[in-house]
Amino acid sequence: MKMSKLFVQTLREFPNDAEAMSHKLLIRAGFIKKLANGIYTYMPLAQRVLTKISNIVRQEMNASGAQELLMPFVQPAEIWQKSNRWQAYGKELLRVKDRHDIDMCLSPTHEEVITQTVSETINSYKQLPINLYQIQTKFRDEIRPRFGLLRGREFIMKDAYSFHTTQEDLEREYEVMGKTYTRIFQRCGLETKAVQSDSGAIGGKVSHEYMVLVDTMVGENNVFYCESCDYSANSNHAISILPIQQTDGGFDKEETIDTPNIKTIEDLSKFLNINPNCILKAVAYIADSKPVLAMIRGDKDIEETKLLNALNALEIRPMENEEIEKYLNAPAGFIGYRNVDKTKVTLLFDESAKGMKNFVMGANEKDKHIVGINWGANFEDDINFVDIAIVKEGEFCPICNKPLKITRGIEVGNIFQLGTKYSEPMKALYTDEQGQLKPYIMGCYGIGVSRTMAAAVEKYHDDFGIIWPKEIAPYHVDIVPVNIEDEAQKKVANEIYEKLNALGIEVVLDDRLDRAGVKFKDADLIGFPIRITVGKTINEGLVEFKQRKDNDIIKLTPDDAIKKCQEILLN
RNA sequence: CGGGAUGUAGCGCAGCUUGGUAGCGCACCUCGCUUGGGACGAGGGGGUCGCAGGUUCAAAUCCUGUCAUCCCGACCA
């Protein structure tokens, strides 16, 4: 490709409205253009990267026995009503009406269509298992799209769905997909960590997320991991062993005391001169319009995803102060679990509270707390402790009891064991060996293709621009004649260009009339893995060879430069 | 949906306080000159100042409304 013909416009400055480095660089280097919030055009350079990622995905999925198909992007509401997700999916599902006033939607995911399609096509256990996938645009009307391609509304996803007769066979395929994913991302030049995760709106019980670990804020997930064993989990799912499990407030009898205007754990801890872990904290929520009171040890915080799961609820938000008065009969800051009407308010206790004794909590009365409380002493014994706490740094691995580390991660893939979550409501059945009708046992497996591109930029860049891994770079080599009007330089540059093309190496010839500095800046910004500069040294028969990843320049003959390209690109 | 900010040429911005009919840099076009890290000179094209009302002889500027975008939070594959 001749640079003068390439449909690209690099910018001298970073865009004003971008925050994440991948967002800034992809726009500045001319890979993407924003059309609307969270909706982007992939320019030719980006399209080439996406094609390469997609091809790696295809090769590995096919090698693992999956088959590619392509399903509709616009879907009728009817099919979503069958799975009960027309209601449950919420506002992320963009709904539209067609000219006949029929409800339709832009598909955020394809469980419904694939389940129906498979159930119409496969009737017998003899045709199972099967794994089907597609690579396609998805639309999710996110509340707050951000970070460019990392959280767009429209994005490209590979989604695969597998169908099985037994849980064991699903687990086998789940393992296969896990290994396939690791390989796919490795081939894209990205190391990933498979972490345990919450399964969210897609549903199912077991799931793992494939995270690219980064140290920037754009990794929207906190990942906890153990260096001694292979435990790792998204913070919304992580569990831990607390450094201090038994806490004692030291009060020798239970009594109500005055705590004037002491509303926070911090203030109360100072006022009574006790550790926050001796205070029982009350956090009030509204879950699916119903009041919930969660009690947790004072030094811990609620993980709302876990709370949501414990309640089997869809939506959750903190209570407003008026709601606290109304439902809990207590002023905010002085809430306790006693006097709560358990027929009206769901009461939950985090496991961290189990080891507390002689502890403190709100007295359900303004400016008063109760000290010296013990489980079972003054309240019914049948308290059911559940895990609804967020893990904190410094806590210990649940498997091997070593300190847990925390890092940020960009989720580029996920795998779920769905079970019969879709096949049952949608009555997607096959006939088993005994002639019985049974719902399929399903798995699903996603890869964010466009997000993977952004994650690679997020991971591999420097002050000058992008540093593409060679496997997904838009082009492999950029040839820069320092002065295109110098006949000797022009001739050699053209020869190298022709030879590399003939070898099947993807190459750009920067034939623009601009000065060398402009071409060098663009080469670094766009991030070609290899740059060959044809300049003055051509009089000695030498060109300059530079790899973007280390920026070291060596001088070679044109033929040796070509050989070096082959060497680097082939291994 | 709450908090904060911003909308002026393709991109980055000034002008707004104090109203007088729009400007700078980059990019683009022409000519000259230049060619190893985003040169220089001269000339040129491009904007209903987000949109809609209002005040005024006169609005980018003041007022009201509205839309969009960005950041933080909430939310979410």
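The model shown is predicted, which means the values in this text are computed figures rather than measured ones. Convention: sequence-line order gives letters A, B, ...; per-chain numbering from 1.
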Next on the checklist: Check this for me: does any side-chain nitrogen of one of A:E485 and A:K490 sit under 4.0 Å from a carboxylate oxygen of the other?
Outcome noted: no
From CG of A:L307 across to P of B:C75 the rounded distance in Å is 10 Å
* To do: Taking atom C1' in both B:A9 and B:A22, compute the distance separating them and give it to the nearest angstrom.
  => 11 Å
Separation of B:G37 atom C1' from A:K546 atom NZ, nearest Å, is 10 Å
- B:C67 to B:C29 separation - P atoms, rounded to the nearest Å: 40 Å
Between A:H23 and the options A:Y40, A:F147, A:F31, the ring pair (Phe, Tyr, Trp, His ring centres under 6.0 Å) test singles out A:Y40
Whole-Å distance, A:D514 CG to B:A27 P, equals 9 Å
* Within the structure, does a side-chain N or O atom of A:R144 lie under 4.0 Å from either OP1 or OP2 of B:C71? -> yes
| query | Counting any heavy atom closer than 4.0 Å, what does A:L525 reach on the DNA or RNA strands: base, sugar-phosphate only, or nothing? | reply | base
### Task
Would you indicate what A:I316 reaches in the nucleic acid, counting non-hydrogen atoms under 4.0 angstrom: base, sugar-phosphate, or nothing?
sugar-phosphate
By nearest-heavy-atom nucleotide on RNA chain B, the more 5' of A:K33 and A:E485 is A:K33
Would you mind classifying the nucleic acid contact of A:R151 as base, sugar-phosphate or nothing, using non-hydrogen atoms under 4.0 angstrom? base
> Think A:N37 has a side-chain N or O under 4.0 angstrom from the OP1 or OP2 of B:C70?
Replying inline: yes
Could you measure between the two P atoms, the one in B:A58 and the one in B:U21, and give it in whole Å?
-> 15 Å
Re B:U56: Watson-Crick or G-U wobble partner, both distances kept under 3.5 Å, found to be none
Span that lies between the C1' atom of B:C70 and that of B:U48, in whole angstrom: 26 Å
TODO: Take A:D387 and A:K306 through the side-chain contact (heavy atoms from CB on, under 4.5 Å) test and state the conclusion after the steps.
DONE: CA-CA 7 Å; A:D387 173 28; A:K306 287 184 180 180; 2.9 Å; yes
Using 4.0 Å as the upper bound for N to carboxylate O, is an ion pair formed by A:D350 and A:K300? no
With heavy atoms under 4.0 Å as the rule, sort A:D486 into base, sugar-phosphate or nothing. nothing
Within less than 4.0 Å of OP1 or OP2 of B:C70, is there a side-chain N or O belonging to A:K34? yes
Against the side chain of A:L308, the closest entry in B:C76, B:C11, B:G36 is B:C76
Rounded to whole Å, CD of A:E13 lies from P of B:C24 at a distance of 17 Å
message = I'd like to know if A:E544 reaches the base of B:G36 with its side chain, counting only an N/O donor and acceptor under 3.5 Å.
response = yes
Answer for the Watson-Crick or wobble partner of B:C49, both distances under 3.5 Å, is none
* Indicate the ring-plane relationship of A:Y445 and A:Y174, choosing parallel, tilted or perpendicular according to the 30° and 60° boundaries. => tilted
The Watson-Crick or G-U wobble partner of B:A74, with both key distances under 3.5 Å, is none
Note to self: Walk me through whether A:E171 and A:V206 qualify under side-chain contact (heavy atoms from CB on, under 4.5 Å).
What the structure shows: CA-CA 10 Å; A:E171 286 170 17; A:V206 178; over 6 Å; no
When A:V412 and A:K521 are each assigned the nearest nucleotide of RNA chain B, the 5'-most assignment goes to A:K521
In whole angstroms, the gap separating P of B:C76 from CZ of A:F155 amounts to 16 Å
When rounded to whole Å, the CZ to P distance for the pair A:R515 and B:C26 reads 14 Å
Self-check item: Quiz item: cation-pi between A:R95 and A:W80, 6.0 Å / 45°
Solution: no
As its Watson-Crick or G-U partner within any shown strand, both distances under 3.5 Å, B:A42 has B:U30
In Watson-Crick or G-U wobble terms, with both distances under 3.5 Å, the base opposite B:A5 is B:U69
Across every strand shown, the nucleotide meeting Watson-Crick or G-U wobble geometry with B:G23 (both distances under 3.5 Å) is B:C13
I want to check one thing: is the phosphate of B:C13, taken as OP1 and OP2, less than 4.0 Å away from some side-chain N or O of A:N16?
yes
Report task. Determine the interatomic distance between P on B:U18 and the same-named atom on B:U64; round to the nearest Å. Result -> 15 Å
>> Check this for me: does the side-chain of A:N483 come within 3.5 Å of the base of B:G36 through a donor and an acceptor?
In response: no
Among the nucleotides B:A74, B:C71, B:A39, whichever has the atom closest to the side chain of A:V518 is B:A39
For atom P, what is the distance between B:C76 and B:A14, given to the nearest Å? 38 Å
Looking at B:G36, does its base get a donor-acceptor pair with the side chain of A:R531 below 3.5 Å? no
Rounded to whole Å, the CD-C1' distance (A:E142 to B:A74) equals 13 Å
Between B:C62 and B:U17, how far apart are the two P atoms, rounded to whole Å? 5 Å
From CZ of A:R153 across to C1' of B:U69 the rounded distance in Å is 12 Å
Relative to A:F14, does A:K24 satisfy both conditions: NZ or CZ under 6.0 angstrom from the six-membered ring centre, and within 45 degrees of the ring's axis? yes
Does A:E304 reach a base, just sugar-phosphate, or nothing at all? Heavy atoms under 4.0 Å.
sugar-phosphate
* Asked: C1' atom, B:U34 versus B:A42: distance in rounded Å?
  -> 15 Å
